[in-house]
Amino acid sequence: MTAQIIDGKLTAKALRASIADEVAKIKETVGVTPGLAVVLVGADPASEVYVKNKAKQTVEVGMASFEHRLPAETAEDDLLQLIEQLNNDDTVHGILVQLPVPDHIDERKVISAIDPAKDVDGFHPINAGRLATGQKALVPCTPVGCVILAKQAQADLTGLNAVVIGRSNIVGKPVAQLLLQENCTVTVAHSRTQNLPEIVRRADLVVAAAGQCEMVKGSWIKPGAIVIDVGIHRTVNELGKTKLKGDVAYDETAEVAGFITPVPGGVGPMTIACLLRNSVVACARLNGLPDPAL
Ligand code: GUN
C-alpha cells in the first residue's frame, strides 16, 4: 500500500480563505476588525520565524496584527503589565505570548494572566478545563489542525482506535480530548509507555507528537491507518543540506499507512490557520455574534 498524502498546505489555504470571508462579514455587520496581538520576549530564531509568518498571514486575511517585541531581560512584572493592557484593549481580540519565554519568567503565570476570552492559544487552565468537560472553549491550534486533517482522510472518526504519542499540554492532552469528542477510543502513550510498537500497531489513527525525530517506524503501523505527524526537526545530511523531518519515519510508514501527513506541508501550516480561526471566533464572541461557521 502507498499512503495518500493529506495536504496540510492546501487545507490551510482553504481555511484561510474562509477566515477572510468571516473577517469581512464581521467588519460589515459590527464595524469591528478582528485583531491579534503577538508578544515575543527575546530573540529565539525559530520564534522569530513563527512570529513573522503569523503577522503576515494575519494581515492577509484582513485582520489587524499587533506585534510586541520585548528584550530577553524583560521583567516578569512588565510582561504581565503588557498582558493586562492587551486584556483591556478593545481592538485586541486574541493574545498570544510566544513560547518558550526566558527562564526567569514563569510561563504558567503568563498563560494564566491572559483573559480566557482572548486566549487564542487555548492554553489557559479555564480553556483547558472547558475543553476537558465538553464546554465551549478556545482550543489549542495544533490539535485542531490535527483533527481537521484526520477528518480529510475519514470524515467520521467514530469508533476508531486512536493512539496519541505524547502528553504535552500543547498537543498530546488536547488532541486526546478532541478525539474523544469525535468518538474515538483514545490511548495516550508517552515516554514511559511499555510496548509502544505493539500499542501503535492497534491504532486506526496515530497522532505522533513525541518530539523525537523519526521515532515511529513503518513496522509499527497497522495497514491502512491514518498517520498525523506533529513533529518538526531540522536535520543536516552528509552534504550539509538541511531537511525537515517529523516524528514519523516517513518513507517506510507511507508504504503501510492509508493516509499520512508530510513534513513539511502537513500539520505545520494548519497551526497558524487555526490560530487565525480562533482569533475570529474570539472576536465574534466578544462582540456578541454567533460562532463563525469555520
Ligand atoms: N511556540 C511554539 N508553538 C507555539 C504555539 O502554538 N503557541 C505559542 N504561544 N508558542 C509556541
Side-chain angles (χ1 to χ4, degrees), residues 8 12 15-16 35-58 65-70 72 74 76 79-80 82-83 86-87 92-103 105-128 131 137-149 166-175 177-178 207-212 228-234 244 246-247 263-264 266-282:
L15 180 54
R16 288 198 302 273
L36 170 63
V38 174
V39 181
L40 176 61
V41 187
D44 173 55
S47 293
E48 292 266 8
V49 174
Y50 283 134
V51 168
K52 220 164 109 188
N53 286 337
K54 278 172 196 161
K56 181 169 171 272
Q57 294 185 26
T58 303
S65 171
F66 307 99
E67 249 180 75
H68 296 266
R69 288 167 180 269
L70 306 178
T74 299
E76 185 181 271
L79 176 58
L80 294 174
L82 171 62
I83 292 170
L86 296 171
N87 283 343
V92 172
H93 307 96
I95 302 169
L96 178 145
V97 178
Q98 186 68 31
L99 303 178
V101 286
D103 288 345
I105 296 176
D106 183 344
E107 186 176 294
R108 287 190 193 189
K109 229 185 201 174
V110 169
I111 291 170
S112 294
I114 297 171
D115 179 349
K118 296 188 177 185
D119 167 38
V120 283
D121 261 326
F123 295 164
H124 194 291
I126 294 241
N127 280 315
L131 172 63
L138 287 167
V139 182
C141 305
T142 301
V144 172
C146 289
V147 173
I148 292 174
L149 293 181
R167 54 175 159 177
S168 71
N169 291 335
I170 295 179
V171 184
K173 285 179 200 160
V175 89
Q177 299 288 358
L178 288 174
V207 178
Q212 270 199 54
I228 308 291
D229 190 349
V230 181
I232 184 150
H233 309 275
R234 202 171 292 274
L244 290 180
D247 282 2
V263 177
V267 173
M270 292 301 291
T271 299
I272 298 182
C274 291
L275 171 70
L276 302 178
R277 180 199 208 218
N278 271 352
S279 304
V280 174
V281 167

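Order of listing sets the numbers, starting from 1, for every ligand and every atom in it.
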Q. When Val120 is tested against each of Ile95, Asn278, Ile114 for side chain to side chain contact (heavy atoms under 4.5 Å, CB included), which residue passes?
A. Asn278
Q | Heavy-atom pair with the smallest gap, counting every atom of Gly8 and Leu149 | A | CA-CD2, 4.0 Å
Q. With sequence neighbours left out, what residues match Lys173 under side-chain contact (heavy atoms from CB on, under 4.5 Å)?
A. Asn169
Q: Among residues two or more places apart or on two chains, list those pairs meeting side-chain hydrogen bond (donor to acceptor under 3.5 Å, both in side chains) that have a residue in residues 108-121.
A: Glu76-Lys109, Asp119-Asn127
Q: Give me the one residue out of Val38, Leu40, Leu86 that meets side chain to side chain contact (heavy atoms under 4.5 Å, CB included) with His68.
A: Leu86
(Q) Tell me every residue that passes side-chain contact (heavy atoms from CB on, under 4.5 Å) with Ser65, counting only those two or more places apart in sequence or in another chain. (A) Ala55, Thr58, Val59
Q: Anything with a heavy atom under 4.0 Å from ligand 1 counts, so go ahead and list those protein residues by chain and number.
A: Leu96, Val97, Gln98, Leu99, Asp121, Phe123
